[in-house]
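Presented below is the structure to which this report refers.
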Amino acid sequence: MERPIKPRVCGPGFQGRVYATVSLVPPGRLVTYGDVAAALGDAAVARQVGWALAALTDDGVPWHRVINAQGRISVRGDDARAVVQAARLESEGVRFTNGRCDLRAHRFPLPSAPSDDE
DNA sequence: GGCTTGACTAATG
DNA sequence: TCATTAGCCAAGC
C-alpha cells in the first residue's frame, strides 16, 4: 500500500524526513527533538532536527509540537517564534507551567523511522 | 573536500 | 534548578 510517509516527497534529504515525522504528531501532543531524531533512526541527530525545523517554512508541519527534552521551548533567538509555539500548544490543550509544559502527559510515541522501504 | 554553525541530549557540579 | 562540558551529525559556504 502507499507508504504512509515518503520523505522524498516532503522535502530534500534529512529535512524532508524531519517534516514527515513531525507531521505524524497529532494536535495536543508533544515530542522532543530527540524523539524525532530517534524516529528517523538516529537519536544523535536531535540537533539537526532543530536545525531542520529552523529552516522550515511550511505551515503544514506542526513544528510547534516539537520541544526539547526538558519540556521547554527552544528557538535559539527567535523569541517571537517561541511565543507563537506556546500559544499554539496552549490552544491545543497543552498546559504550560513556568515556561515549561507537562511533557510526561502530552508526549506522543513516534513510530520507528518512516517506512521508506525501497 | 574541509571548516563552521546549530530550535539538542546527557552527564556533572 | 541552573550552568558548563563533550559528543553527534547534516547543511551551508
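In what follows, chains carry the letters A, B, and so on, assigned in the order in which the sequence lines appear, proteins first and then strands, with residues in each chain numbered from 1.
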Near-strand residues of residues 26-37 of chain A, defined as heavy-atom separation under 4.0 angstrom from DNA chain B: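 Only Thr32(A), Tyr33(A), Gly34(A) qualify.
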When you measure from every atom of DNA chain B, which of residues 65-75 of chain A have a heavy atom less than 4.0 Å away?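 Result for residues 65-75 of chain A: Asn68(A), Ala69(A), Ser74(A), Val75(A), sorted by number.
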Which of these, Val49(A), Leu103(A), Val36(A), sits in a side-chain contact (heavy atoms from CB on, under 4.5 Å) with Val31(A)?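 Among Val49(A), Leu103(A), Val36(A), the one meeting side-chain contact (heavy atoms from CB on, under 4.5 Å) with Val31(A) is Val36(A).
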Do [X] and [Y] belong to the same hydrophobic cluster, where Ile, Leu, Val, Met, Phe, Trp and Tyr are linked whenever their side-chain heavy atoms lie under 4.5 Å apart, directly or via other members?
X         : Y        : value
Phe108(A) : Val61(A) : yes
Phe96(A)  : Val66(A) : no
Ile73(A)  : Val25(A) : no

Take Trp51(A) and Val18(A) through the side-chain contact (heavy atoms from CB on, under 4.5 Å) test and state the conclusion after the steps. CA-CA 10 Å; Trp51(A) 163 85; Val18(A) 173; over 6 Å; no
Sequence neighbours excluded - side chain to side chain donor-acceptor pair (under 3.5 Å) pairs with any residue from residues 34-48 of chain A: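 Checked against side chain to side chain donor-acceptor pair (under 3.5 Å) - neighbours excluded - the pairs reaching residues 34-48 of chain A are Thr32(A)-Asp35(A), Asp35(A)-Arg107(A).
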Could you pull out the closest heavy-atom pair between Ser23(A) and Gly60(A), with the gap in Å?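 The pair with the smallest heavy-atom distance is OG-O, 4.2 Å.
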Which atom pair, heavy atoms only, marks the closest approach of Ala46(A) to Tyr33(A)?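 In this case the closest contact between Ala46(A) and Tyr33(A) is O-CB, 3.7 Å.
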Length of the CG-C1' vector between Leu103(A) and dC8(B), whole Å: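 In whole Å, dC8(B) C1' and Leu103(A) CG are 14 Å from each other.
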Write down the distance between CG (Leu40(A)) and P (dT9(B)), rounded to a whole number of angstrom.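 In whole Å, dT9(B) P lies 14 Å from Leu40(A) CG.
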List the residues meeting side-chain contact (heavy atoms from CB on, under 4.5 Å) with [X], not counting sequence neighbours, and say none if there are none.
X         : result
Pro109(A) : none
Val84(A)  : Trp63(A), Arg88(A)
Gln70(A)  : Asn68(A), Arg72(A)

Side chain of Ala46(A): nearest nucleotide among dC8(C), dA11(C), dT9(B)?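 Of all the options, the side chain of Ala46(A) is nearest to dT9(B).
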Protein-nucleotides 3-6 of chain B N/O pairs under 3.5 Å:
| from | atom 1 | to | atom 2 | distance (Å) |
| --- | --- | --- | --- | --- |
| dG6(B) | N2 | Gln48(A) | OE1 | 2.2 |

What's the verdict on side-chain contact (heavy atoms from CB on, under 4.5 Å) for Cys101(A) and Ile67(A), showing C-alpha distance, side-chain angles and the deciding distance? CA-CA 9 Å; Cys101(A) 62; Ile67(A) 59 178; 3.2 Å; yes
If only atom types and distance count, is the side chain of His106(A) paired as donor or acceptor with the main-chain N or O of Gly28(A) below 3.5 Å?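 Yes.
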Consecutive-pair stems (3 or more, Watson-Crick or G-U, under 3.5 Å) for DNA chain C: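 For DNA chain C the paired stretches long enough to count as stems (3 pairs minimum) are B:2-6 with C:9-13, B:8-13 with C:2-7.
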Among residues 94-102 of chain A, which contact DNA chain C at a heavy-atom distance under 4.0 Å?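 Under 4.0 Å from DNA chain C: Arg100(A).
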Quick one: salt bridge (Lys or Arg N to Asp or Glu O under 4.0 Å) pairs with a partner in residues 89-102 of chain A, sequence neighbours left out?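 Residue pairs passing salt bridge (Lys or Arg N to Asp or Glu O under 4.0 Å), neighbours aside: Arg65(A)-Glu92(A), Asp102(A)-Arg104(A).
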What is the distance from atom OH of Tyr19(A) to atom OG1 of Thr21(A), rounded to the nearest 0.5 Å?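 Between Tyr19(A) OH and Thr21(A) OG1, I get 12.0 Å after rounding to 0.5 Å.
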